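Here is the structure we will look at, set down as structure tokens.
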Amino acid sequence: MRRKTIGDQELALLQYIGENEPTSVGEVAARFGEARGLARSTVLTMMERLRSKGYLQREQDEGVYRYRTTAEQQEVVNGAVGSFVEKTLQGSISPFVAWMSEKAEVSDNELAELEALVSKLQSQRRED
């Protein structure tokens with residue numbers, strides 16, 4: 001079953017929860033929400049929306065709901081990137097690659113990751 005897509009703000013929230021789980025709405029509102037100017041009610045709405053989409057689960061602990069992610073962070077990021085490429089770039093990665101080539105802040109580690117991905121793609125192509 002394919003999960004529903006999520007927006008940038010939801011993705012950032014999901015990543016925050018994944019790094020700080022289990023966590024309550026109050027904790028997320030204080031640490032994540034305040035820095036972004038989000039009210040507690042907005043954070044609660046976003047968390048419940050992510051729960052209804054299947055990205056979060058909650059358990060009651062001493063009268064407080066504690067939230068956890070249900071998917072690996074990389075799976076969520078891959079889904080968001082895939083959705084971006086399909087919807088925004090009409091399935092073409094060329095604009096993204098062009099943007100990356102102009103981005104001055106590519107670290108040595110990121111460059112090594114990109115080179116490894118290109119090598120993997122070339123290897124797969126030779127196998128076909």
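Keep in mind it's a predicted model, so treat the numbers as computed, not measured.
A distance-only check finds a donor-acceptor pair linking the side chain of Glu27 to the backbone of Ser24 [under 3.5 Å]. Proximity of a side-chain donor or acceptor of Thr70 to a complementary backbone N or O of Tyr55 within less than 3.5 Å is detected. Glu19 contributes no side-chain N or O that, together with a main-chain N or O of Tyr16, makes up a donor-acceptor pair within less than 3.5 Å. With hydrogens and angles ignored, the 3.5 Å screen pairs a side-chain donor or acceptor of Glu110 with a backbone N or O of Ser107.
We find the CG-OG distance between Asn78 and Ser83 to be 12.5 Å, quoted to the nearest 0.5 Å. Note that CG of Leu56 and OG1 of Thr23 are 10.5 Å apart. Values are rounded to the nearest 0.5 Å. Rounded to the nearest 0.5 Å, atoms CG (Leu50) and CZ (Arg58) are 13.0 Å apart.
Pairing each heavy atom of Val25 with each of Val43, the nearest pair is O-CG1, 4.3 Å. The nearest pair of heavy atoms linking Val106 to Leu111 is CG1-N, 3.9 Å.
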Could you give the side-chain donor-acceptor pairs of residues 89-96 under 3.5 Å, partners two or more places apart or in another chain?
unit_1, atom_1, unit_2, atom_2, d
Gln90, NE2, Lys87, O, 3.4
Gln90, NE2, Thr88, O, 3.3
Ser92, OG, Ser94, N, 3.3

Side-chain atoms of residues 113-125: list all donor-acceptor pairs with protein atoms under 3.5 Å, sequence neighbours left out, distances to 0.1 Å.
none

Taking distance alone, no hydrogens or angles, what donor-acceptor pairs closer than 3.5 Å link side-chain atoms of residues 29-41 to residues at least two apart or in another chain?
unit_1, atom_1, unit_2, atom_2, d
Arg36, NH1, Phe32, O, 3.3

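Under 4.0 Å is where a charged nitrogen must lie from a carboxylate oxygen, and between Arg68 and Glu59 no such pair does.
Within the 4.5 Å cutoff, the side chain of Gln15 has heavy atoms near those of the Val77 side chain.
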Between Ile17 and Met47, is the side chain to side chain contact (heavy atoms under 4.5 Å, CB included) condition met? List the steps.
CA-CA 9 Å; Ile17 292 170; Met47 289 173 72; 3.9 Å; yes

Quick one, Tyr67 with Glu48, criterion side chain to side chain donor-acceptor pair (under 3.5 Å). Give me CA distance, side-chain angles, the key distance, then yes/no.
CA-CA 10 Å; Tyr67 290 77; Glu48 282 301 308; 2.5 Å; yes

Hey, mind stepping through Met46 and Gln9 against side chain to side chain contact (heavy atoms under 4.5 Å, CB included) and telling me if it holds?
CA-CA 9 Å; Met46 290 173 61; Gln9 188 85 283; 3.2 Å; yes

Intermediate values then yes/no, salt bridge (Lys or Arg N to Asp or Glu O under 4.0 Å), Arg66 and Glu21
CA-CA 8 Å; Arg66 298 241 167 240; Glu21 60 189 7; over 6 Å; no

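Around the CG atom of Asp108, the shell of radius 6.0 Å holds no more than 12 heavy atoms that belong to other residues, nucleotides or ligands.
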